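The structure under discussion appears below in the form of structure tokens.
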Number of protein chains: 4
Amino acid sequence: MFSIDTRVRIPIYEQLYKRVLELVVKGILKENEQLPAVRVLAKDIGINPNTVQKAYQELERDGIIFSQPGKGSYIASIDTVVDIAHKKAINAFTDAAIDALDSGISKDDLHKVIDDISLK
Amino acid sequence: MFSIDTRVRIPIYEQLYKRVLELVVKGILKENEQLPAVRVLAKDIGINPNTVQKAYQELERDGIIFSQPGKGSYIASIDTVVDIAHKKAINAFTDAAIDALDSGISKDDLHKVIDDISLK
Amino acid sequence: MFSIDTRVRIPIYEQLYKRVLELVVKGILKENEQLPAVRVLAKDIGINPNTVQKAYQELERDGIIFSQPGKGSYIASIDTVVDIAHKKAINAFTDAAIDALDSGISKDDLHKVIDDISLK
Amino acid sequence: MFSIDTRVRIPIYEQLYKRVLELVVKGILKENEQLPAVRVLAKDIGINPNTVQKAYQELERDGIIFSQPGKGSYIASIDTVVDIAHKKAINAFTDAAIDALDSGISKDDLHKVIDDISLK
DNA sequence: GTGGTCTAGACCACG
DNA sequence: GTGGTCTAGACCACG
């Protein structure tokens, strides 16, 4: 569920950050649901607790989760999370689209790319 | 012409790589045109020669430029370069689009984003 | 009446401590009035009895309440309590004011902030 | 210059954060000025490099400094920094003032406290 | 040399 | 048991 990929060059804590966002957007993690404890998750996926904590802390400062010292970490308002996820995705998409247009690809071609994506 | 931005988190050699591609796609760098010598360019834009070297090496590895030992580095076939640039842009764009759709944004919204981009 | 907020980063026992002070200052808790028993209050507001115990201990240590073993805990002399509350508030206020002046904010601006506060 | 106090219960990285803000506000650190390298500062004040890095990273995400991996860390726009420092100070001051008024202290008394503060 | 990531392991406050 | 802080120390990419 929280699997990360150590082969890839994306920092582990960043993969974890994105994974939480994804799980919320897909409705697998619900509002106020408790996340695994830092040490538990670290053990589960075989990484250091400090790395999990770094991910959790970034999630917290972005308003995606909230942590209660001594109690645990919980998913914040789903609306906020979905909003953040969409903004991040739209920004990345817009940048890539500008780059593509900038390199001479036509808008038509980009429209086609989108239509050709089949989601599993 | 080869200006780079050290404030940004993207490695300088990568910025330089992209800039060469961009200059070719825009027709500013022509086929077989010679690139500035490593040390000259490094001095011009105030960066380490090793960094320019690395950018040139990656450009050569990807068939975008070719080097003649003792003479200099030159832009390879424009068609090849444009092809590579397009492939890279399409790949990045596709990835961003999948991510966006994955996060629940509709294809319609993505189409709109593309149509709303006004290129300068 | 003794409601606390677990979402906030302030320790629960500290919130409880402040709340008692507040209730006394506002005249809701009277001199010699008995406080709820530790276990009762803990159950009422859904927190750990140890936490209530800690708050009560600190309140007693500071002379705000007094405990009669086997009987219960009671509000000490109102004058004393109000005095303590004022001292704490003035100290915190003075520290914040020094910090503000220290950071270059003018005394005039601080005076304005005070005048602009409308109490509900 | 960057001295921290280990006796106090405020986290070291937080003390360091505040100290940088203070040095900028007082004009001791100038715009674009380079901060000591993480490892150098850590050695200087006798703490772990990770702790210094945590302070620097928080400073960066708040727009107070900017770090260039491989180059160093620098003070961001002074205006931004002063703005942030003032906002933090005003917020803390306002909270303390509300608390004080709430506990029954008069506005007049608060005005007097401010006038009585003599800055060194 | 510089910042960034990660591990291993310790201790603390709070509940 | 839980998150938060901190140390010691390693390795990496970039320049």
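What you are looking at is a predicted structure, and each value in this text was computed from that prediction instead of being measured. Note on naming: letters A, B, ... go to the chains in the order of the sequence lines (proteins, then strands), and numbering restarts at 1 for each one.
Residue R61(D) places its CZ atom among more than 12 non-hydrogen atoms of other residues, nucleotides or ligands, all under 6.0 Å distant.
The separation between R7(B) atom CZ and dG3(E) atom C1' is 17 Å, rounded to whole Å. Between the OH atom of Y56(C) and the P atom of dG15(E) there is a distance of 15 Å, given to the nearest Å. For the pair I10(B) CD1 and dG4(E) P, the computed distance is 16 Å after rounding to whole Å. Across the protein-nucleic acid pair, Q34(A) atom CD and dT2(F) atom P stand 7 Å apart, rounded to whole Å. Atom CD1 of I45(A) is separated from atom C1' of dT7(E) by 14 Å (rounded to the nearest Å). Per the geometry, CD belonging to E60(D) stands 11 Å off P belonging to dG3(E), to the nearest Å. Counting to the nearest Å, the P atom of dG9(F) and the NZ atom of K43(D) are 11 Å from each other. Between the CG atom of L16(C) and the C1' atom of dC14(E) there is a distance of 14 Å, given to the nearest Å.
Judged by atom type and distance alone, R9(D) does not reach the base of dG4(F) through any side-chain donor-acceptor pair under 3.5 Å. For R39(D) against dG9(F), no side-chain N or O and base N or O form a donor-acceptor pair under 3.5 Å.
In this structure, Q68(A) does not reach the dT2(F) phosphate: none of its side-chain N or O atoms is under 4.0 Å from OP1 or OP2. T51(D) has a side-chain polar atom (N or O) that falls below the 4.0 Å cut-off from OP1 or OP2 of dT7(F). Remark: K54(B) is in phosphate contact with dC14(F), judged by side-chain N or O atoms under 4.0 Å from OP1 or OP2. At the phosphate of dT5(F), OP1 or OP2 sits under 4.0 Å from a side-chain N or O atom of Y13(D). For K71(A), no side-chain nitrogen or oxygen approaches OP1 or OP2 of dG15(E) to under 4.0 Å.
Using a 4.0 Å cut-off between charged nitrogen and carboxylate oxygen, D5(B) and R7(B) do not count as a salt-bridge pair. K26(A) has a carboxylate O that lies under 4.0 Å from a charged side-chain N of D102(B), or vice versa, which qualifies the two as a salt bridge.
A donor-acceptor contact closer than 3.5 angstrom links the side chains of D62(A) and Y17(A).
Taking every side-chain heavy atom of Q57(A) into account, dT5(F) is the closest of dG3(E), dT5(F), dC6(E). For N50(D), whose side chain is taken as the heavy atoms from C-beta onward, the closest listed nucleotide among dG3(F), dC6(F), dC6(E) is dC6(E). Checked against dC6(F), dG15(E), dG3(F), the side chain of P11(D) finds its nearest nucleotide in dC6(F). Distance from the side chain of S67(D) is smallest to dG3(E) among dG3(E), dG3(F), dG15(E).
Within the shown strands, dG1(E) is the pairing partner of dC14(F) under the Watson-Crick or G-U definition, both distances less than 3.5 Å.
Across all strands shown, I47(B) has no heavy atoms under 4.0 Å from either base or sugar-phosphate atoms. Within the nucleic acid shown, N48(D) comes within 4.0 Å of at least one base atom, counting heavy atoms only.
Here the rule is side chain to side chain contact (heavy atoms under 4.5 Å, CB included) with I12(C), and of I45(C), N48(C), V52(C), T51(C) only T51(C) fits it.
The shortest distance between side-chain heavy atoms of L23(D) and R19(D) falls below 4.5 Å.
Residue order along DNA chain F, read from the 5' end via each residue's closest nucleotide, puts P36(A) first among P36(A) and G70(D). Residue order along DNA chain E, read from the 5' end via each residue's closest nucleotide, puts V40(D) first among Q53(D) and V40(D).
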